[in-house]
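Basis for what follows: all heavy atoms, side chains included, without hydrogens, waters or symmetry-related copies.
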Amino acid sequence: MDEIFHASKRPRLADLAMPTYAEGRLQGGLTVTLTDAAGARDGTADFLFAGPQDVRRLVAGVVVGRQPAPGNQDAEVTRVAHVELRDDGLPWRYSP
């Protein structure tokens, strides 16, 4: 596991995103060229990114650290919670 701290890491796939949404999901598009014996033809393949509504739960092991720890009875109420995720791209994949 990478021991370097990353707040989050935006995946390269996000470069294909458009500033539009459909059904609460970010839209993306990819230009494709299909070639056969008759020649080449360009087109666009539109798609939707996964969004928050596509997530039911996180699988075991994706959260690798939490502060305060679960069950902590004397956590400082003036501090914010901290969660460490195994995959630093997770926040980008499922947030609008």
Side-chain angles (χ1 to χ4, degrees):
M1 183 170 82
D2 186 5
E3 296 298 327
I4 298 172
F5 172 77
H6 299 283
S8 65
K9 187 176 184 179
R10 186 177 170 134
R12 288 181 44 189
L13 182 63
D15 294 340
L16 300 175
M18 297 183 277
T20 56
Y21 291 84
E23 302 170 19
R25 294 173 179 91
L26 187 63
Q27 292 180 305
L30 179 65
T31 302
V32 294
T33 302
L34 301 176
T35 306
D36 63 10
R41 187 167 203 174
D42 292 331
T44 302
D46 295 327
F47 60 92
L48 298 175
F49 285 85
Q53 67 272 36
D54 299 311
V55 179
R56 286 203 179 280
R57 63 181 172 84
L58 296 175
V59 297
V62 73
V63 176
V64 295
R66 294 179 277 181
Q67 292 294 327
N72 187 321
Q73 297 295 316
D74 61 350
E76 297 180 42
V77 296
T78 58
R79 301 213 179 207
V80 296
H82 172 79
V83 177
E84 294 176 43
L85 304 171
R86 183 169 307 282
D87 179 1
D88 53 9
L90 182 86
W92 280 104
R93 281 197 303 272
Y94 305 111
S95 47

Can you tell me how far the [atom1] atom of [X] sits from the [atom2] atom of [Y], to the nearest 0.5 Å?
X	Y	atom1	atom2	answer
T31	L16	OG1	CG	9.0 Å
D42	L34	CG	CG	8.5 Å
F49	L13	CZ	CG	4.0 Å
L30	D15	CG	CG	12.0 Å

Which atom of D46 lies closest to which atom of G29, heavy atoms considered: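 Closest approach of D46 to G29: OD1-CA, 3.9 Å.
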Residue pair A40 / T33: nearest heavy atoms and the distance that separates them: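 Distance-wise, the nearest heavy atoms are CB-CG2, 4.0 Å.
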Between Q27 and R25 (side chain of the first, backbone of the second, donor and acceptor by atom type, cut-off under 3.5 Å), is there such a pair?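 Here the side-chain-to-backbone pair does not exist.
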Does V63 have any side-chain contact (heavy atoms from CB on, under 4.5 Å) partners at least two apart in sequence or in another chain, and if so, which?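 Counting only residues at least two positions away or on another chain, V63 forms a side-chain contact (heavy atoms from CB on, under 4.5 Å) with L58, R66, V83, L85.
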Can you list every pair that meets ring pair (Phe, Tyr, Trp, His ring centres under 6.0 Å) and has a residue in residues 51-78, with sequence neighbours left out?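 Sorted result for residues 51-78: empty, none.
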Is V55 reachable from L90 through a run of I, L, V, M, F, W or Y residues, each pair having side-chain heavy atoms under 4.5 Å apart?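 They do share one cluster, since a chain of ILVMFWY contacts under 4.5 Å joins L90 to V55.
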